[in-house]
Amino acid sequence: MKRMLALAAILALLLTACGVEITSVGLPVQLRLEKGQTGPLTVEYGAGEDATEEEIAKAAAKLTLVWSSSDETVATVDQTGLVTAVGGGEAEITAAVEDGELSAVCAVRVAVPAEGVTVPKTLDLVVNGEASGALKAAPAPQDATEVAFTYESADPAIATVDEKGTVTAVANGETEITTTLTQTGAEGEPDTVRTGTTRVVVTTQVESLTFDKGEGALTIGNSTTMKVSVLPETASNQTVTWKSSDESVATVDEKGTVKAVKVGTATITASIGDVSASYALTVRDVVCTYCGQTGHAAGSCPTKAADEQAAAQAAAQAAAQAAQQAAQQQQAQQPAPAPQPSGGSGSAGGDMGIGSDWGNQVVTGGGNGTFGEGGDVILG
């Protein structure tokens with residue numbers, strides 16, 4: 001206690017050495033700087049009412065001031081009171097009389113100007129998956145001070161955005177989210193505006209693929225086009241990738257057309273991304289519908305060909321016979337030709353004399369007779 005009283009007495013003597021007692025020291029209440037700037041702090045001294053400025057200045061010149069900063073990452077100060085802005089934020093600069101109780105404080109605010117705004121270039125969202133995402137907007141540089149952000153969606157029917165920059169998917173499509181940065185100036189009014197845009201792509205992922213049935217059969221040489229249902233129907237990717245587990249048994253093309261190659265089994269797989277469905281295919285040998293044998297179809301059946309040849313021959317024979325019979329019947333139905341007049345000799349002593357047409361009368365008789373030269377028939 002005695003020591004403290006002694007120090008106080010010494011200080012009082014020092015302060016009043018020139019007949020003027022310094023009663024206070026003062027600094028500006030606030031100093032605003034931008035990062036990298038410097039600014040001097042001027043100390044004001046107070047004394048009695050009768051002290052002149054010259055007397056106060058002489059008394060203050062005999063004092064030693066100690067300068068300090070509460071946060072040197074924001075601002076530093078040298079022993080002349082020169083403040084240097086280091087980083088964004090606030091710090092207190094203190095000027096204190098060495099070995100005394102007099103001091104003053106200045107609140108220093110360091111501003112970091114925003115040169116831009118950083119947002120994602122694109123944001124992918126899935127309606128039935130990761131349906132929301134944060135833009136995480138940031139100023140550039142990142143230590144820019146006194147900034148605020150606002151957000152706007154170009155098409156809320158595709159994606160919405162809230163005041164915190166959280167984007168939510170609504171429907172398939174693309175839209176843009178505009179982020180606006182504003183920075184408060186020295187007078188408390190926004191004096192800097194920066195904007196950035198993010199392209200938002202909204203899709204719906206495939207949940208399942210389904211065949212109408214899980215298995216089936218094909219005959220060698222035949223083909224069929226497989227069909228698979230994609231759910232949900234609004235899935236963005238509708239392109240199916242096809243694969244056969246054994247292409248020596250059955251092949252499948254990019255359109256899902258399966259062709260049976262040889263007897264056996266194969267699994268036909270339809271895939272979209274990580275989602276797939278399988279179809280168990282059995283390939284059977286060709287069965288002839290005519291003879292019932294395997295290995296050939298009715299069109300190339302040797303038994304059928306032989307039967308068809310025999311049938312054709314039989315039909316040809318039957319047709320020939322029918323034609324012959326028809327010709328004979330037609331000939332039988334025609335009238336006999338009329339006799340023509342003629343002369344001739346007859347043989348004597350015959351049983352029957354052959355007459356000729358004479359006056360449209362034919363005379364016949366029995367017994368021996370001779371033919372006359374004039375064509376007369378002489379009957380015996």
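A quick note: this is a predicted structure, and the numbers were derived from the prediction, not measured. Positions are given from 1, in the same order as the sequence printed here.
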Please say whether more than 12 non-hydrogen atoms of neighbouring residues, nucleotides or ligands are located less than 6.0 Å from [atom1] in [X].
X: Gln79; atom1: CD; result: yes
X: Gln30; atom1: CD; result: yes
X: Glu54; atom1: CD; result: no
X: Glu174; atom1: CD; result: yes
X: Gln37; atom1: CD; result: yes

Quick one: pull up [atom1] in [X] and [atom2] in [Y] and give me the separation to the nearest 0.5 Å.
X: Asp307; Y: Tyr290; atom1: CG; atom2: OH; result: 3.5 Å
X: Asp253; Y: Ser244; atom1: CG; atom2: OG; result: 11.5 Å
X: Thr168; Y: Leu125; atom1: OG1; atom2: CG; result: 8.0 Å
X: Thr160; Y: Ile177; atom1: OG1; atom2: CD1; result: 7.5 Å
X: Leu41; Y: Ile93; atom1: CG; atom2: CD1; result: 7.0 Å
X: Ser153; Y: Glu176; atom1: OG; atom2: CD; result: 9.5 Å

Check whether any side-chain N or O of [X] sits under 3.5 Å from a backbone N or O of [Y] as a donor-acceptor pair, and report yes or no.
X: Gln328; Y: Gln325; answer: no
X: Ser103; Y: Ala95; answer: no
X: Tyr151; Y: Glu163; answer: no
X: Glu34; Y: Val110; answer: no
X: Arg199; Y: Lys121; answer: no
X: Glu72; Y: Ser69; answer: no
X: Ser70; Y: Glu92; answer: yes
X: Thr198; Y: Pro120; answer: yes
X: Asp246; Y: Thr265; answer: no
X: Glu55; Y: Thr52; answer: yes

Heavy-atom check, side chain of [X] versus side chain of [Y], under 4.5 Å:
X: Thr73; Y: Val86; result: no
X: Val228; Y: Trp242; result: yes
X: Thr195; Y: Leu181; result: no
X: Ile220; Y: Val261; result: no
X: Lys262; Y: Asp285; result: no
X: Glu207; Y: Pro232; result: yes

### Message
Applying side-chain contact (heavy atoms from CB on, under 4.5 Å) to Phe149 and Val119, what does each step give before you reach the verdict?
### Response
CA-CA 11 Å; Phe149 300 98; Val119 292; over 6 Å; no

### Task
Run through Val258, Val240, Leu281 and flag the one making a side chain to side chain contact (heavy atoms under 4.5 Å, CB included) with Met226.
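So the option named by the test is Val258.
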
Closest heavy-atom contact between [X] and [Y]?
X: Ser276; Y: Thr269; answer: CB-CG2, 4.1 Å
X: Thr175; Y: Ala159; answer: CG2-CB, 4.0 Å
X: Gly88; Y: Val74; answer: O-CG2, 3.9 Å
X: Arg32; Y: Thr184; answer: NH2-O, 3.6 Å
X: Ser208; Y: Val275; answer: CA-CG1, 3.7 Å
X: Ser278; Y: Thr267; answer: CB-CG2, 3.8 Å

### Message
Before you tell me yes or no, could you show the steps for Leu102 and Ile22 under side-chain contact (heavy atoms from CB on, under 4.5 Å), namely the whole-Å CA-CA distance, both residues' side-chain angles and the distance that decides it to 0.1 Å?
### Response
CA-CA 9 Å; Leu102 301 178; Ile22 301 299; 4.2 Å; yes

### Query
Could Asp143 and Lys35 be called an ion pair, given the rule that one side-chain N must be under 4.0 Å from one carboxylate O?
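A salt bridge links Asp143 with Lys35.
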
### Query
In terms of side-chain geometry, is the basic nitrogen of Arg109 or Glu146 positioned less than 4.0 Å from the acidic oxygen of its partner?
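So Arg109 pairs with Glu146 through a salt bridge.
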
Joint hydrophobic cluster, [X] plus [Y], side-chain heavy atoms closer than 4.5 Å:
X: Val263; Y: Leu218; result: yes
X: Val83; Y: Val25; result: yes
X: Val161; Y: Val201; result: no
X: Leu33; Y: Val77; result: yes
X: Val170; Y: Val200; result: no

### Query
Can you check side-chain contact (heavy atoms from CB on, under 4.5 Å) on Leu123 and Leu135, steps first, answer last?
CA-CA 8 Å; Leu123 182 63; Leu135 290 176; 4.3 Å; yes

### Message
Could you tell me if Thr225 and Thr257 have a donor-acceptor pair between their side chains, going purely by distance under 3.5 Å?
### Response
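Yes.
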
### Message
Testing the 3.5 Å rule here: is there a donor-acceptor pair between the side chains of Thr204 and Asn172?
### Response
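The criterion, which ignores hydrogens and geometry beyond distance, is satisfied for Asn172 and Thr204.
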
### Task
Dump the intermediate steps for side-chain contact (heavy atoms from CB on, under 4.5 Å) on Thr282 and Arg284, then the final yes or no.
CA-CA 6 Å; Thr282 300; Arg284 297 171 179 170; 4.2 Å; yes

